[in-house]
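Everything below concerns the one structure shown next.
The sequence lines fix the lettering, A, B, ..., with proteins before strands; numbering per chain opens at 1. Since the structure is predicted, the reported quantities are computational estimates derived from the model, not experimental observations.
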Amino acid sequence: MEYNFREIEAKWISFWKSNKSYKVSEDPSKKKYYVLDMFPYPSGAGLHVGHPLGYIASDVLARYKKLEGFNVLHPMGYDSFGLPAEQYAIQTGQHPAITTNKNIERYRNQLDQLGFCYDWDREIRTSSPDYYKWTQWIFKQLFDCYYDEKLNKALRISALIAEFERSGNQDVQATNHCELVFSSQEWSTFDTAKKEAVLQQYRLVYLADSWVNWCPELGTVLANDEVVNGKSERGSHPVMQKKMRQWSMRIKAYAERLLKDLDHLDWTDSIKEQQRNWIGKSVGCSVSFEVENYSAPIEVFTTRPDTIFGVSFMVLAPEHPFVLEITTKENRDAVLAYQKAASKKTERDRQSDVKTISGQNTGAFVIHPLSGEKIQIWIADYVLASYGTGAVMAVPCGDQRDFDFAKHFDIEIKNIFDHIDISEQAHTEKNGTLKDSDFLNGLEVAPAIKKAIGVLEEKSIGQGTTNYRLRDAVFSRQRYWGEPFPVYYKENIPKTVSDENLPIELPEVDSYLPTQQGEPPLARAEKESWNHFSGDRMEYNTMPGWAGSSWYFLRYMDPSNETEFVSKEKSDYWNKVDLYIGGAEHATGHLLYSRFWTKFLYDQDYISFDEPFQKLINQGMILGKSSFVYRLADSNTFVSKGKIQGKDTQPIHVDISLVENNKLNIEGFKKWRSDYSNASFLLEDNGDYLCGAEVEKMSKSKFNVQTPDDLIQKYGADTLRLYEMFLGPIEQSKPWDTKGISGVHNFLRKCWRLYCNAEGVSILNGNDPTKDELKTLHKTIKRIREDLDRYSLNTCVSTFMIAVNEFTEQKCNNRDILEAFLILLAPYAPHFCEELWMKAGQKEGSLFEASYPIYDEKHLVEDSFDYPISFNGKMRFKVNLSLSLDRQALQKEVESLEQTKKWLDGKTPKKIIVVPGKIVNIVL
RNA sequence: GCGGAUGUGGUGAAAUUGGUAGACACGCUAGACUUAGGAUCUAGUGCCGUGAGGUGUGUGGGUUCGAGUCCCUCCAUCCGCACCA
């Protein structure tokens with residue numbers, strides 16, 4: 001009987017299922033290993049061949065660790081809240097939960113076919129109330145905490161209230177956005193609403209009027225990482241800035257720790273760098289400038305306090321709160337007009353408009369705190385309200401934008417750099433000696449910065465500070481299909497629902513659209529539709545997509561705990577994720593938010609580790625090959641690729657199932673869509689229609705999606721698993737191409753023949769293994785172990801192939817050898833190996849109860865070696881010599897060879913390098 | 001502009017500490033078997049050259065007995081960030 005993968009795979013999948021082979025529990029006697037995949041959003045399109053790449057890799061490593069004796073946690077679940085199901089609900093009226101469940105079912109079927117060793121008893125779904133109960137609970141903890149900058153950790157808000165009662169907020173060092181300074185006495189006079197308003201400015205999750213990314217098309221706000229080039233990440237709709245009352249997460253409080261702790265993670269430099277970039281730390285100094293005829297000073301942040309004597313003007317962001325108050329009468333209209341124009345610009349406009357210089361003089365002045373000079377105040381949209389203080393001291397001689405601005409508006413440019421010409425451009429490098437700068441004269445940049453900060457602090461004009469680009473993350477969405485907040489309002493004061501009333505379940509609504517008044521869909525729910533209702537109303541927003549995914553790796557440890565989000569005992573045992581595999585696109589979203597939540601939960605002692613993912617591998621994207629047909633403009637005629645020259649044609653994506661080797665199946669194409677049924681074609685001379693091709697991301701809309709299903713049908717899951725690993729290094733992106741899959745399939749068939757005869761009966765024998773057989777086996781063990789330990793999954797497949805080629809040549813049917821080999825191969829081809837393991841006579845259960853073979857060096861000891869003999873570093877011939885020879889003996893031996901004499905060609909070698917066991921190099 | 005990554009046959013790729021470049025596979029060529037083949041087997045296959053041989057890891061340089069690997073320069077592609085004060 002030939003290798004019948006369909007029968008075998010079905011058999012073992014059901015065996016594993018009915019025996020619960022992959023169920024795991026905490027076992028203190030074993031070392032744990034936690035392998036995690038980024039869980040998928042179950043989309044309607046199902047899995048394509050790109051998804052399993054990471055899943056196969058993690059499955060191989062999970063099975064390997066299991067065979068090595070680790071207690072392996074390898075779970076899977078679904079990130080099941082999300083926009084597509086909701087969009088579909090809006091169109092059809094079907095509840096998103098129904099769509100979601102259907103999609104999950106399809107995903108599960110596809111995952112099952114691939115033979116993964118997930119413990120499905122641990123499955124989680126972020127949209128299930130059992131799960132989001134705890135997402136809501138974590139929200140409550142964040143709400144109930146603030147960040148103490150002295151202890152550098154999150155503390156309970158009750159401690160802060162006690163502090164306020166004791167001595168007001170003057171000496172409180174906590175991350176906040178509170179501008180009010182109050183004493184304990186003043187605090188005691190505040191009413192409940194005022195107190196809560198102040199507390200909101202300290203809580204780790206807070207409600208605030210802030211500038212948010214509003215996406216009118218999606219009808220919701222978006223976090224910064226969800227906006228790409230001024231458009232929404234999902235759907236690519238325009239995004240604008242809008243001031244709205246929204247929930248935000250005070251991730252800023254953790255900026256320094258999120259930055260510092262990156263150093264200890266085994267992640268790629270690229271991802272770490274992206275996070276560093278996103279956090280954007282800059283060290284500098286805040287300086288306050290008194291405004292002429294105005295009570296409050298303007299604060300600026302600068303990284304170059306050394307250039308303070310080069311300040312020629314001041315620029316405020318158009319949104320800066322002082323603008324209108326300080327603007328002179330004469331400038332008022334122009335300023336208003338400028339503000340209006342700026343507010344209309346989307347973030348994208350502002351970005352694409354970098355070259356145009358614009359601004360408006362307010363007519364007001366600040367007083368230079370050191371020189372006493374009067375300095376004009378401008379507004380300009382190159383200054384961002386959300387970074388630093390929303391105001392800059394402009395130093396045109398040292399900053400190119402300030403320089404350009406000054407030139408454009410004809411403002412004086414002071415040169416404070418000695419012997420440096422600034423007539424053409426600013427001197428932006430951090431070097432040079434200062435002049436015309438009072439006490440800084442003659443100093444270089446670094447000491448000048450230090451001295452400037454010192455003097456500014458001494459005079460109470462400024463203070464050394466650190467700024468982060470990282471902004472607090474907007475946490476509410478005006479959407480239906482997300483976690484409801486455990487929040488209600490009483491007299492407009494937000495309050496959290498008590499624990500025993502959690503979860504707040506999603507109420508039924510009559511439509512998934514916003515209300516007439518523009519309120520989120522949840523505002524449609526009747527009071528009775530809520531499973532719990534308090535106060536005047538419940539919160540109408542829902543949580544963003546990243547809420548559920550920020551802590552899911554913890555829930556897998558204890559998925560059905562009804563009293564805690566995870567028990568301390570279990571999280572202590574499983575600890576952080578040892579190996580996390582997923583796409584690099586989550587660099588500044590999920591991977592940052594998860595770290596933030598983990599640190600918070602650590603601060604509150606709910607878990608005992610402060611980073612979620614120790615080792616991260618970013619699998620590359622598998623790209624699709626799209627095919628194109630070319631339609632003649634304004635017609636229903638399609639021109640073959642070879643004939644489009646000089647014609648006005650438009651490329652149109654065509655379903656890749658209608659194309660083979662770039663040749664279009666014309667009949668199929670006509671049937672594909674009704675408007676093509678009477679299309680006409682301009683063909684190649686041989687009568688074929690040739691399509692164009694391009695490598696692109698796989699997507700439904702490009703008709704280039706390859707599902708694993710067909711391939712599993714044709715070759716089996718084991719072949720697909722091996723093939724996806726064989727394609728190349730896991731981190732690398734590559735176009736999908738099934739060309740090579742037959743090679744991998746043939747390998748399995750060839751391997752099968754080592755174990756069974758044509759009738760499918762085992763042909764293994766119990767003889768003593770030969771020296772050669774042992775050598776092949778142990779060489780293979782060594783290589784596979786080393787490769788798996790460095791996550792080099794592609795090279796293992798070649799190693800298996802080499803081993804099978806050698807065993808075949810050796811006519812090896814040895815039981816000990818081939819059984820050991822099965823264990824090596826099993827992580828890659830589990831069904832195949834289980835079957836042969838059973839056929840070999842191992843009746844007792846699964847191969848995965850076995851233990852991984854141990855490499856024994858003694859089988860690899862050689863007594864001779866094919867020495868490459870090179871001349872001037874170029875290999876010329878090889879000679880087999882004993883490894884027992886030392887340097888001198890080797891050299892003598894080589895010198896006496898006929899071939900050596902030939903290549904020497906009568907010359908005397910200058911030098912002979914002899915590396916025993918490696919090489920001989922003769923220098924002429 | 002800044003930062004990160006990657007450049008090796010017709011293709012996917014290998015080469016862990018500097019030591020035989022192209023393992024393993026696909027494809028291709030020739031042959032065997034076959035009614036036929038998109039099945040199987042055998043041999044060949046970096047490029048130039050009939051050959052001896054030459055040449056070859058994006059470019060140019062350097063270190064070294066020896067460089068795909070280390071250092072410098074430039075180029076190309078991909079990804080991220082970008083008026084960040």
Side-chain angles (χ1 to χ4, degrees), chain A residues 228-229 268-278 280-282 284-286 300-304 307 315 317 350-351 353-357 380-384 386-395 398-402 404-405 428 467-471 584-585 587-588 618 620-621 722-723 726-729 731-747 749-750 783 786-787 789-790 792 794-805 866-878 909-915 917-924:
Chain A
V228 178
N229 287 330
T268 61
D269 289 342
S270 149
I271 297 267
K272 287 194 197 181
E273 208 45 46
Q274 278 181 57
Q275 292 212 347
R276 287 193 190 109
N277 239 318
W278 193 257
K281 179 178 182 172
S282 56
C285 177
S286 68
V300 300
F301 173 76
T302 176
T303 55
R304 296 291 303 275
T307 62
V315 191
R350 276 203 187 190
Q351 277 171 16
D353 217 15
V354 174
K355 275 154 231 123
T356 336
I357 295 165
D381 65 6
Y382 81 85
V383 176
L384 307 176
S386 50
Y387 182 76
T389 59
V392 295
M393 54 177 227
V395 182
D399 183 291
Q400 195 57 43
R401 291 153 317 178
D402 296 346
D404 295 339
F405 193 89
T428 53
N467 238 304
Y468 298 92
R469 199 184 72 102
L470 180 74
R471 297 177 213 168
E585 66 274 19
T588 49
N618 297 114
M621 208 182 320
L722 277 159
Y723 183 59
F726 188 56
L727 279 176
E731 310 86 344
Q732 227 158 78
S733 286
K734 51 226 145 196
W736 178 252
D737 194 338
T738 53
K739 267 200 307 222
I741 199 166
S742 61
V744 171
H745 190 63
N746 286 342
F747 154 73
R749 302 191 353 181
K750 192 168 179 182
R783 286 248 279 270
E786 284 170 355
D787 287 358
D789 288 341
R790 64 191 173 102
S792 171
N794 53 326
T795 49
C796 290
V797 183
S798 325
T799 304
F800 292 137
M801 289 174 170
I802 293 168
V804 164
N805 289 346
D866 261 344
Y867 275 95
I869 312 299
S870 49
F871 291 77
N872 287 335
K874 189 89 197 155
M875 201 277 286
R876 294 304 181 181
F877 60 88
K878 282 186 209 171
K910 281 198 192 116
K911 199 175 185 184
I912 300 182
I913 313 281
V914 180
V915 186
K918 281 258 166 80
I919 201 167
V920 176
N921 188 18
I922 299 169
V923 187
L924 292 175

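Proximity of Arg876(A) to the phosphate of A52(B): no side-chain N or O atom is located under 4.0 Å from OP1 or OP2. Residue Arg749(A) has a polar side-chain atom (N or O) positioned under 4.0 Å from OP1 or OP2 of U40(B). Arg401(A) has a side-chain polar atom (N or O) that falls below the 4.0 Å cut-off from OP1 or OP2 of C84(B). OP1 or OP2 of A13(B) has at least one side-chain nitrogen or oxygen of Gln732(A) nearer than 4.0 Å.
Rounded to whole Å, the C1' atom of G22(B) lies 9 Å from the corresponding atom of A15(B). Rounded to whole Å, the C1' atom of G18(B) lies 29 Å from the corresponding atom of U11(B). Atom P of C26(B) sits at a distance of 15 Å from the matching atom of G38(B), rounded to the whole Å. Annotation: G49(B) and G68(B) have their C1' atoms spaced 26 Å apart (nearest Å). On the P atoms, G58(B) is 8 Å away from G7(B), given to the nearest whole Å. Atom name C1', nucleotides A67(B) and A32(B): the rounded distance is 45 Å, in whole Å. Distance check on atom P: G27(B) versus U59(B) gives 30 Å, rounded to whole Å. Distance check on atom P: G62(B) versus A13(B) gives 32 Å, rounded to whole Å.
Candidate nucleotides A13(B), A85(B), A14(B) were compared by shortest atom distance to the side chain of Lys734(A), and A13(B) ranks first. You'll find that the side chain of Thr795(A) is closest to A15(B), out of C24(B), G66(B), A15(B). For Glu273(A), counting side-chain heavy atoms from C-beta on, the closest listed nucleotide (G3(B), U16(B), U40(B)) is G3(B). Of the candidate nucleotides G19(B), G56(B), C81(B), C81(B) has the atom lying nearest to any side-chain atom of Trp278(A). Comparing C84(B), A25(B), C26(B) by their closest approach to the side chain of Met801(A) singles out A25(B). Closest to the side chain of Arg469(A), from the set A82(B), C24(B), G12(B), is A82(B). In the set A39(B), G80(B), C24(B), C24(B) carries the atom at the smallest distance from any side-chain atom of Ile802(A). For Tyr387(A), the side-chain atoms get nearest to C84(B) when compared with the rest of U55(B), C24(B), C84(B). Side-chain proximity of Asn805(A) to the nucleotides G19(B), C26(B), C24(B) is greatest for C24(B).
Taking the side chain as every heavy atom from C-beta outward, Met875(A) and Ile919(A) never approach each other to under 4.5 Å.
Defined by atom type and a distance below 3.5 Å, a donor-acceptor pair is missing between the side-chain atoms of Lys911(A) and Asn921(A).
Counting to the nearest Å, the P atom of A14(B) and the CZ atom of Arg783(A) are 13 Å from each other. The distance from atom OH of Tyr468(A) to atom P of C81(B) is 21 Å, rounded to the nearest whole Å.
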Dot-bracket for RNA chain B, 5' to 3', Watson-Crick and G-U pairs with both distances under 3.5 Å, [ ] for crossing pairs, | for partner on another strand, reads (((((((..(((......[....)))((((((.......))))))(((....)))..(.(((..]....))).))))))))....
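Put simply, the side chain of Asn277(A) and the base of C81(B) share no donor and acceptor less than 3.5 Å apart. A donor-acceptor contact under 3.5 angstrom links the side-chain atoms of Lys878(A) to the base of U20(B).
Between Arg783(A) and Glu786(A) there is no salt bridge, since none of the side-chain N atoms of the basic residue sits less than 4.0 Å from a carboxylate O of the acidic one.
A residue-by-residue look at Asp402(A) and Ser742(A) shows that Ser742(A) has its nearest nucleotide of RNA chain B further toward the 5' end. Where Asn746(A) and Gly743(A) meet RNA chain B, the nucleotide closest to each residue was compared, and Gly743(A) sits on the side nearer the 5' end.
Applying the side chain to side chain contact (heavy atoms under 4.5 Å, CB included) test to Ala803(A) and every residue at least two apart in sequence or in another chain returns Thr776(A), Thr780(A), Phe807(A), Phe821(A).
Applying the 90° cutoff around 0 to the glycosidic angle, G46(B) is assigned anti.
Within 4.0 Å (heavy atoms only), Phe726(A) reaches at least one base atom of the nucleic acid.
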